[in-house]
Undergrad: 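Before we start, here is the structure in question, set down as C-alpha cells.
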Amino acid sequence: MTLPHLPRDISRRTRLLKDGHSGNGPVIYWMSRDQRAADNWALLAAAHAASALSRPLRVFFCLAPAFSGASSRHYGFLAEGLRQVAGSLAAKNIPLEILTGKPGITAGKRAHSMNAALIVTDFDPYPEKRSWKTELLKTASCPVAETDAHNIVPSWIASPKKEYSAATFRRKVSPLLPEWLTDIPEIEPMPPMNMEGAAPFAFPGTFPASLSAPDTGDPLEWITPGEHAASERLRIFLREGLERYGQERNDPGLDGLSGLSPWLHFGHLSAQRAAFAVSATPETESSKAFLEELIIRRELADNFCHFEEAAGTYGGLPEWSRKTLDAHRKDSRPVLYDIHTLEKARTSDPLWNAAQREMTSRGKMHGWARMYWAKKILEWSPSPEEAFITALFLNDRYELDGRDPNGIAGISWAIGGLHDRPWPERPVFGTVRYMNYGGAARKFNVKHYIQKIDSLVSTNL
DNA sequence: ATCGGCTCGCGCAA
DNA sequence: TGCGCGAAGCCGAT
C-alpha cells in the first residue's frame, strides 16, 4: 500500500519506512518524541490517514524501562506530560494507550494484535531510538510511516549527508525556511465513536517504581511539565525575554535564556510553533540569535545523529579531533577527578561546581556553562574517551533535556570539536577549542552566577 | 578596549 | 587548485 492521500503540508513531512499488509483495524500513531496533542505533524498525519481510510485512530506511548539512564525526575516529567496529553486527546475523541516494554517490539506487537491498517510514528534520530524503530519495522506487519514533527525542515530533506559545520548546514536550511516555517493546522476532532472499545487512560500501577529509574531526589518544583506550561513560558519569553536574548544569553548569572529546552526535549512544545511566533516579530539581533539556536543548531544535532552511526560515542567525533586528542593522551593533567567527586560538585573550581549544582538540583544548566563544564571534564579526566562517557552520563542523568541529540551534539562539540574548527594547540586539548576560568571572568561576573546558584539550591526554586 | 594569529577541512569559484 | 571562512576562545601586542 502507498500512504493514503494527505494534505500537502503533512505528506511532505512524512515518508513510508516499510510497506506491508494493511489490516482492517485502526490507524496507530506511536507517539514517542513529540508528546503533545497540539502542533503535532505526526498526529495530524495519523488522523488524516484514519479519516481517509475510515478507520479509528489510536495513540500509543510506550514506557521504556531504564531508557538511557533516565532518572526519576525524567519519568516524573514524562508522566505528568502524558497525563495532560491524554486529556487533550480525549477532548478530540482520541484514546491514548500506555504500553510498557521494549518499545519497538511492544508497539509493533500491540498494533499487530489490533490488526492495524497503518502505524505512523514521529521521527527521532537519537541512537537508542533508531534501534527501536528498526525493531518496530521487523515486528509490525502493517505499513509503517514516520513524520518529522520535531524539525521545521524534515531531517531527510534539510540535507542528504552528515554536515561538517553549522555554516554548511545553514546554507542548506536557511533558503528552505520561507517554505517550511509555516503555521500548523489545528487537529479536527474525531467522531465520538472513535473512543469506542478503547481502554481508559492509565499508567501501570507501580509506575514509576517498576521502571527501576535512578533516584535523583525530590521532584523538581520550579518547572511544570506539559503543553500548557510550555506555551505559557513561550508567551512570557516573547513578552519579556526575547529582546534581551542577544545581549544576555551568554551570561549564566542572568536569566537571559528562553528556558524552553525541557519542554522542547519532551515534545511538550513544538519548535516550529516557537520559531513561527518569533519570526512574526520584528527582526533584531536577539531574534536572529534565538532563531539560529532554535532552528539551525538544534536541527544540526538531529542531522548529526541521523547520519552518524556512532553518534553518542567517542567514535562519532570528527577524525581530526580524535587524532589531536590522541596525540595529547599522555599529557599531564592539572588534576584528575573521579566521577563521584564531579557528581558531588567537589572540585577546586567554584564556577564548575556552581554549574554542576545547577544541573543536579534544578535539572537544567545554563547554556554557556554547559560548554565550560564539559571542557573541564576533558581536562580533568585520564583520557578523552572517559571524559566523553562521564560528561554524557551526568548530562543524561540530571539534565531534564538530556538523552537528546542536542546533548550528544553539545558534548561532542565541547570535548571533540564537532561542528567546530581547530584552535591553537595546547596540552590535553590538542587543537580542540580551549576554555578556562579566565575567559569566564573576562566575560561576566562569575561570583554573581555562583551566588545565584547558591540561593536557588538553598531555596529549592 | 580592540585586534590578529592560531589551525583544519569544506565548498565554491576558477 | 586556490581561497574564504567557520558554535560561543585565548593570549599577547597595541
Side-chain angles (χ1 to χ4, degrees), chain A residues 158-175 244-254 256-258 261 271 285-305 307-308 311 316-328 331 334 349 351-352 355 358 365-379 391 395 401 404-446 449:
Chain A
S159 166
K161 61 185 275 254
K162 180 173 80 167
E163 291 295 330
Y164 177 74
S165 69
T168 60
F169 188 62
R170 192 182 300 117
R171 277 203 286 269
K172 293 179 181 177
V173 169
S174 292
R244 297 177 298 132
Y245 185 81
Q247 285 293 312
E248 299 187 1
R249 72 183 187 281
N250 283 332
D251 182 343
L254 306 174
L257 301 181
S258 72
S261 71
E285 182 211 339
S286 282
S287 71
K288 277 195 281 191
F290 182 69
L291 290 174
E292 165 75 12
E293 301 203 7
L294 180 65
I295 303 176
I296 302 298
R297 296 187 199 171
R298 196 182 47 83
E299 304 197 358
L300 179 59
D302 262 32
N303 169 273
F304 176 62
C305 290
F307 290 105
E308 176 50 65
L317 302 181
E319 185 93 30
W320 68 265
S321 71
R322 277 183 286 133
K323 216 155 118 190
T324 190
L325 291 170
D326 190 51
H328 288 268
D331 293 357
D349 177 344
L351 170 57
W352 193 92
E358 181 176 30
M365 191 191 300
H366 185 278
W368 184 91
R370 291 187 191 207
M371 299 186 282
Y372 178 84
W373 174 86
K375 284 184 182 290
K376 282 287 155 181
I377 293 177
L378 172 60
E379 195 173 343
N395 179 77
D401 57 18
D404 187 284
N406 286 294
I408 289 175
I411 286 166
S412 300
W413 176 87
I415 291 178
L418 176 71
H419 303 143
D420 201 7
R421 60 169 161 155
W423 295 89
E425 193 157 17
R426 38 174 76 249
V428 185
F429 288 80
T431 57
V432 171
R433 183 195 299 255
Y434 175 66
M435 288 173 78
N436 66 0
Y437 189 96
R442 251 178 275 127
K443 253 171 127 71
F444 60 88
N445 187 334
V446 174
Y449 173 55

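Labels below follow one simple rule: chain letters A, B, ... track the order of the sequence lines, proteins then strands, and each chain is numbered from 1. Because the structure is predicted, anything quoted here is derived from the model rather than measured.
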Undergrad: Within the 4.0 Å heavy-atom criterion, would you say A:Met371 contacts the bases, only the backbone, or no part of the nucleic acid?
TA: base
Undergrad: Check this one for me: any side-chain N or O of A:Lys443 less than 4.0 Å away from OP1 or OP2 of C:dG9?
TA: yes
Undergrad: Quick check with a 6.0 Å cut-off and a 45 degree axis cone: is A:Lys375 positioned over the face of A:Trp352's six-membered ring?
TA: no
Undergrad: Would you mind reading off the distance between A:Trp413 atom CH2 and B:dC8 atom C1', rounded to a whole angstrom?
TA: 16 Å
Undergrad: Return the value, rounded to whole Å, for the distance between atom CG of A:Leu317 and atom C1' of B:dC8.
TA: 16 Å
Undergrad: Could you check whether any side-chain N or O of A:Thr324 sits under 3.5 Å from a backbone N or O of A:Ser321, counting only pairs where one atom can act as donor and the other as acceptor?
TA: no
Undergrad: Hey, does the Lys NZ or Arg CZ of A:Arg322 hover above the aromatic six-ring of A:Trp320, less than 6.0 Å from the centre and inside 45° of the axis?
TA: no
Undergrad: For A:Arg370, which contact category applies under a 4.0 Å heavy-atom criterion: base, sugar-phosphate, or nothing?
TA: nothing
Undergrad: Please report the distance separating the P of C:dA7 from the corresponding atom of B:dA1, rounded so that it comes out in whole Å.
TA: 28 Å
Undergrad: If only side-chain N and O atoms of A:Asn436 are considered, is one of them under 4.0 Å from the OP1 or OP2 phosphate oxygen of C:dC11?
TA: yes
Undergrad: Let me have the donor-acceptor pairs involving side chains of residues 437-445 of chain A, under 3.5 Å, with sequence neighbours excluded, atom names and distances please.
TA:
unit_1: A:Asn445; atom_1: OD1; unit_2: A:Lys447; atom_2: N; d: 3.2
unit_1: A:Asn445; atom_1: OD1; unit_2: A:His448; atom_2: N; d: 3.0

Undergrad: Mind calculating the distance between NZ (A:Lys172) and C1' (B:dC12) to the nearest angstrom?
TA: 13 Å
Undergrad: Does A:Glu292 reach a base, just sugar-phosphate, or nothing at all? Heavy atoms under 4.0 Å.
TA: nothing
Undergrad: Closest to the A:Arg421 side chain: C:dG9, C:dC10, B:dC10?
TA: C:dG9
Undergrad: Among B:dT7, B:dC10, C:dA7, which nucleotide sits nearest the side chain of A:Ser165?
TA: C:dA7
Undergrad: Rounded to the nearest Å, what distance is computed from the CZ atom of residue A:Arg171 to the P atom of nucleotide B:dG11?
TA: 8 Å
Undergrad: Once you apply a heavy-atom cut-off of 4.0 Å, does A:Asp420 come out as touching a base, just sugar-phosphate, or nothing?
TA: sugar-phosphate
Undergrad: Output the single nucleotide from B:dC6, B:dG9, C:dC10 whose closest atom is nearest the side chain of A:Pro424.
TA: B:dC6
Undergrad: Would you kindly give the CZ-to-C1' distance between A:Arg322 and B:dG9, to the nearest whole Å?
TA: 15 Å
Undergrad: Among B:dC12, B:dT7, C:dA7, which nucleotide sits nearest the side chain of A:Ala167?
TA: C:dA7
Undergrad: Tell me: CH2 of A:Trp320 to P of B:dT7, nearest whole Å?
TA: 12 Å
Undergrad: With a 4.0 Å cut-off on heavy atoms, is A:Trp368 in touch with a base, just the backbone sugar-phosphate, or nothing at all?
TA: nothing
Undergrad: Rounded to whole angstrom units, what separation is found between the NZ atom of A:Lys162 and the P atom of B:dG9?
TA: 13 Å
Undergrad: Work out how far the C1' atom of C:dC10 is from that of B:dG9, and round it to whole angstrom.
TA: 22 Å
Undergrad: Quick one: is A:Lys161 getting a side-chain N or O under 4.0 Å of the B:dG11 phosphate, OP1 or OP2?
TA: yes
Undergrad: Could you tell me how far apart A:Arg426 (CZ) and B:dC6 (C1') are, to the nearest whole angstrom?
TA: 10 Å
Undergrad: Can you name the one residue among A:Asn303, A:Thr168, A:Val173 that meets side-chain contact (heavy atoms from CB on, under 4.5 Å) with A:Ser159?
TA: A:Asn303
Undergrad: Does the side chain of A:Arg442 get closer than 4.0 angstrom to OP1 or OP2 of C:dC11 through an N or O atom?
TA: yes
Undergrad: Side-chain donor-acceptor pair under 3.5 Å between A:Tyr245 and A:Glu285, yes or no?
TA: no
Undergrad: Which nucleotide in the set B:dC6, C:dC10, B:dC8 lies at the smallest distance from any side-chain heavy atom of A:Trp423?
TA: B:dC6
Undergrad: Consider the side chain of A:Met435, meaning its heavy atoms from C-beta on, and name the nucleotide among B:dG11, C:dA7, C:dG9 that approaches it most closely.
TA: C:dG9
Undergrad: Identify the nucleotide, in any strand shown, that forms a Watson-Crick or G-U wobble pair with C:dG9, with both distances under 3.5 Å; if there is none, say none.
TA: B:dC6
